[in-house]
Amino acid sequence: MGSRRSKIVGTGLGYPARIVTNDDLAKKIDTSDEWIRSRTGIAQRRFVDLENGQTITSIAVEGAEKALKMSGLDPLDISFVLCCTATPEEWMPIEAARIKDVLGLERAACLDVNAACSGFLYGLHLADALVKSGAHAHILVVGGDVFQRILNWEDRTTCVLFGDGAGAAIVSVTELNDPKKDSHILGSRVYAALDRDNNLTVTKKDPEFPARTQLLTMNGREVFKWATKCMAQACMDIMTEQKISPEEIDWVVPHQANIRIIEKVAEFLNFPMEKVYVNVDQWGNTSAGTIPICLAEMNDKGLLKKGQLILVTSFGGGFTWGSILIRW
Ligand code: UT7
């Protein structure tokens with residue numbers, strides 16, 4: 001008999017209704033398509049239509065419904081919902097419970113996970129452990145954020161970088177017999193260090209704009225350095241731990257914050273860019289949404305083939321970062 005492991009059996013993403021191009025932004029703030037594209041690789045981002053009732057819950061549910069359908073599972077099979085977000089609709093009721101309720105996952109326990117942009121990677125790490133331990137057999141992991149709620153439109157260095165977005169994956173139990181062929185999560189590594197210098201924060205009060213609360217601030221240059229170094233190290237660590245060489249990796253799926261960060265990580269690890277999935281041009285940085293959106297898009301496009309090795313890595317506020325190796 002093989003060992004008890006976990007694998008991803010369904011993926012899906014939700015589409016925020018509004019598409020906002022760099023030129024649209026340039027009409028209301030002092031920026032340009034040329035600056036944003038050349039410094040970040042972003043061409044457009046999507047925002048949920050808050051005025052017409054679209055929320056983090058709606059896009060998360062859209063992604064989760066697709067993932068559930070792909071998995072072929074019954075909603076009652078799902079015994080846990082992990083919702084990875086830094087921007088729940090409200091602190092309470094928790095976001096995972098809202099998703100459970102809309103989807104009719106009557107037997108599921110619920111937990112929100114906030115590890116900022118690394119949320120979904122942390123969520124997969126937890127789901128893998130919960131499945132392997134025998135505590136749960138089928139877990140819905142959702143990752144997503146609606147950063148428009150915390151963007152400071154008077155800070156052009158930060159507001160042009162982010163979009164809204166959410167995606168989901170179903171993590172299910174599997175029996176592992178042949179590690180080179182059978183779909184499973186090989187392993188994951190998660191890390192954290194306190195961002196003592198407040199390089200990436202959501203401040204309670206911004207002294208410059210006292211009327212506003214809960215705004216995102218970022219020291220882009222510092223975060224850039226941290227993100228590059230940490231994601232590259234996390235990838236090295238998991239490959240060493242799992243005795244996998246860079247040549248064996250079929251796809252690298254990095255957090256989508258800036259094409260220059262992605263290229264630096266790839267260069268450091270000697271991965272050709274053809275093996276690196278990039279969609280930051282279409283979505284901007286959707287925080288905890290980037291990884292599940294990438295996986296769902298890749299799956300929908302038929303890019304993920306059974307038996308391939310996928311290396312996922314992320315970095316976010318906290319700071320939090322990590323890596324995960326998946327045999328698809
Ligand atoms: O998910 C969490 C992870 N987040 C990240 O990883 C983001 C990491 N950081 C970055 O992606 C980059 O540091 C940024 C894209 C935020 C900034 O790129 P940069 O090449 O470090 O630019 P900079 O901050 O050094 O700014 C260069 C110039 C400045 O003008 P001066 O001082 O050289 O005259 C800025 O004022 O670009 C100016 N600038 C802009 N110009 C037009 C800054 N923002 C803008 C803008 N449009 N939106």
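Atoms within a ligand are numbered from 1 in the order they appear, just like the ligands themselves.
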Q) Do the charged groups of Arg18 and Asp49 touch, with an N to O distance under 4.0 Å? A) no
Note: Val160, heavy atoms under 4.0 Å from ligand 1, region reported as side chain
inquiry  = For atom 4 (N) of ligand 1, is there a protein heavy atom at a distance under 4.0 Å?
reply    = yes
When distances are taken from atom 37 (O) of ligand 1, the protein heavy atom at minimum range is Trp35 NE1, 3.0 Å
Residue, atom and distance of the protein heavy atom nearest atom 6 (O) of ligand 1 read Ile261 CD1, 3.0 Å
> Can a salt bridge be assigned to the pair Asp128 and Lys132 using a cut-off of 4.0 Å between side-chain N and carboxylate O?
Replying inline: yes
Min over Ile262, Asn258, Val280 of heavy-atom distance to atom 15 (C) of ligand 1 lands on Asn258
query = Would you call the rings of Trp153 and Phe47 parallel, tilted or perpendicular if under 30° counts as parallel and over 60° as perpendicular?
reply = perpendicular
*Heavy atom of protein closer than 4.0 angstrom to atom 18 (O) of ligand 1*: yes
min-distance protein heavy atom vs atom 24 (O) of ligand 1 -> Arg221 NE, 4.2 Å
If you scan protein heavy atoms around atom 29 (C) of ligand 1, the nearest is Arg156 NH2, 5.0 Å
*Parallel, tilted or perpendicular: which describes the rings of Tyr277 and Trp251, with under 30° parallel and over 60° perpendicular?*
perpendicular
Could you tell me whether atom 47 (N) of ligand 1 has a protein heavy atom closer than 4.0 Å? yes
message: For His255 and Phe315, I'd like to know if the aromatic rings sit close, meaning centre-to-centre distance below 6.0 Å.
response: no
